[in-house]
Amino acid sequence: MTMVLDNNPYMAVRQAFDAPWAGPRGPKVVLSKGAIKAVIYPEDGCRLTSLNAFGYELLRQWNPQRRAFQYGCFPMIPWVGRMGNAQLEFEGQRYSLPMNKNPHALHGMACFAPWQIIETSADSATFSFKLEHPWPWRGEVIQRFELQEDALLVSLMVKTENESFPAAAGWHPWFAKWTSDTEYVTQAQPGHEDDELQVSFNADWQEEPGDNELPTGKRIEPQPGPWDDCFGFNNGMSATLLWPGKLQLNMSSAAPSMVVFNKQPDAACVEPLSGPPNSVNTAPTIVTVDRPLVIETRWDISIV
């Protein structure tokens, strides 16, 4: 894709997913409790840019070559992954969204504008984001982070001002395949294969991938990795991330879907989602005034 050199990165990323991106900017919010420290930048898509546990940095770090969707852990709202052909269909109407990865609209709107800080404390923080143009309806997203002694809890709530609309939500974390301190992870150098991040899970099904980068809607038996695939769970997603001899992270959520992408050399994605990519069209949650979309995830971290 041709990069769009727009001086406003919030506008540029609407036009091209690989447009230049300034990285962490604006004020940062630092949370700390026990052996866990988290850093969030509201103006950088309300992204968790650092998650350090027991001295180990777990997230891929920004560098000047990284684009908006290539580091840290950012929320995907009000759709997840790819929206097919950048078209949203609801109640007989068709709406066009910014086509930033031809022919699709990629990863939602969290990077379209800065988020606002609602409240912060030593170990928790809450942020808000206004849903407005190019989204066809007016609403709000609330993201909350809370640290416990050995865990991170994150939640998203998608609300409407008045009209009902379809939505999906989730997170796109980039986990470093090799971990040590933040400086080591920033260098993004592959280490020994015995120390490489291991991802394990027991999904009930896999979404069959189509040749258009979207699920076909058919469920198949989970296939062995490496993956760039979406999996489904009857009783909520769960996965285990193991950095051998160092840390283990147990990820859980009542949400039914999870994307795993581990085909890049230095990082892997394990994404808790309210539905598969393009589910905003195929199986949306309908947000009403009385019933927002809420998704939560818990990451328990321990030394091994």
Side-chain angles (χ1 to χ4, degrees), residues 23-24 27-42 44-63 66 71-75 117-127 143-156 170-192 194-201 236-255 258 260 262 266-272 295-304:
K28 66 180 177 181
V29 174
V30 179
L31 308 180
S32 181
K33 188 162 188 176
I36 303 180
K37 179 180 177 181
V39 179
I40 305 112
Y41 279 83
D44 189 20
C46 205
R47 186 190 318 260
L48 182 67
T49 61
S50 174
L51 180 61
N52 192 293
F54 305 97
Y56 296 103
E57 176 59 60
L58 303 187
L59 297 178
R60 177 195 259 181
Q61 298 295 287
W62 180 83
N63 64 42
R66 299 277 186 241
Y71 65 96
C73 172
F74 58 89
I117 299 172
I118 296 177
E119 62 83 21
T120 64
S121 69
D123 55 15
S124 67
T126 306
F127 307 88
Q143 180 169 217
R144 177 174 171 79
F145 298 84
E146 179 185 346
L147 289 182
Q148 297 183 350
E149 291 291 340
D150 56 358
L152 169 66
L153 288 72
V154 195
S155 66
L156 285 166
W171 293 272
H172 194 307
W174 288 96
F175 291 103
K177 286 188 174 179
W178 286 272
T179 183
S180 183
D181 59 22
T182 301
E183 181 179 354
Y184 173 86
V185 173
T186 300
Q187 296 172 6
Q189 294 296 320
H192 193 280
D194 290 343
D195 300 322
E196 184 176 352
L197 170 64
Q198 301 171 12
V199 178
S200 59
F201 54 91
M237 66 78 60
S238 63
T240 298
L241 289 76
L242 175 67
W243 290 267
K246 294 180 178 178
L247 294 179
Q248 179 170 302
L249 186 154
N250 294 322
M251 179 185 294
S252 60
S253 173
M258 175 184 72
V260 180
N262 64 348
D266 68 306
C269 304
V270 183
E271 307 170 14
I295 179 173
E296 300 175 338
T297 184
R298 180 183 177 94
W299 301 358
D300 289 285
I301 307 170
S302 58
I303 295 176
V304 297

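Residue indices begin at 1 and follow the sequence shown.
The two residues G170 and L156 come nearest to each other via the heavy atoms O-CD1, 3.5 Å. N262 and A268 get closest at one heavy-atom pair: CB-CB, 3.8 Å. Scanning both residues, Y71 and G23, for their nearest heavy atoms gives OH-CA, 3.2 Å. Scanning both residues, P24 and W62, for their nearest heavy atoms gives CD-CG, 3.6 Å. Counting all heavy atoms, side chain and backbone alike, P75 lies closest to W171 at CA-CD1, 4.0 Å. Of all heavy-atom pairs between D123 and S32, the closest is CB-O, 3.8 Å.
P190 places none of its side-chain heavy atoms less than 4.5 Å from the side chain of K177. A 4.5 Å side-chain heavy-atom check between L59 and S50 finds every atom pair outside the cut-off.
The only option from V270, L58, I301 that meets the side-chain contact (heavy atoms from CB on, under 4.5 Å) definition with L241 turns out to be V270. When each of W178, F54, Y56 is checked for a side-chain contact (heavy atoms from CB on, under 4.5 Å) with K246, only Y56 meets the rule.
With respect to E119 and R144, a salt bridge is recorded, a charged nitrogen being found less than 4.0 Å from a carboxylate O. We find that R66 and D44 are not joined by a salt bridge, their nearest charged nitrogen and carboxylate oxygen being 4.0 Å or further apart.
One distance of note links OG of S253 with CD of E296; it measures 7.5 Å at 0.5 Å rounding. Here SG of C73 is found 6.5 Å from CZ of F145. Values are rounded to the nearest 0.5 Å. Interatomic distance, CG of L242 versus CD of Q248, reported as 5.5 Å (0.5 Å rounding). For the atom pair CG (L152) and CD1 (I36), the distance works out to 7.5 Å, reported to the nearest 0.5 Å. Here Q61 contributes atom CD and D266 contributes atom CG; the two are 11.0 Å apart, rounded to the nearest 0.5 Å. Taking OG1 from T126 and CD1 from I40, the interatomic distance works out to 10.0 Å, rounded to the nearest 0.5 Å.
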List the steps and the verdict of side-chain hydrogen bond (donor to acceptor under 3.5 Å, both in side chains) for T182 and E57.
CA-CA 5 Å; T182 301; E57 176 59 60; 3.3 Å; yes
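Classification of the H172-F74 ring pair by plane angle, with boundaries at 30° and 60°, yields parallel.
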Tell me which donor-acceptor pairs under 3.5 Å the side chains of residues 194-201 have, and how far apart each pair is, sequence neighbours excluded?
none

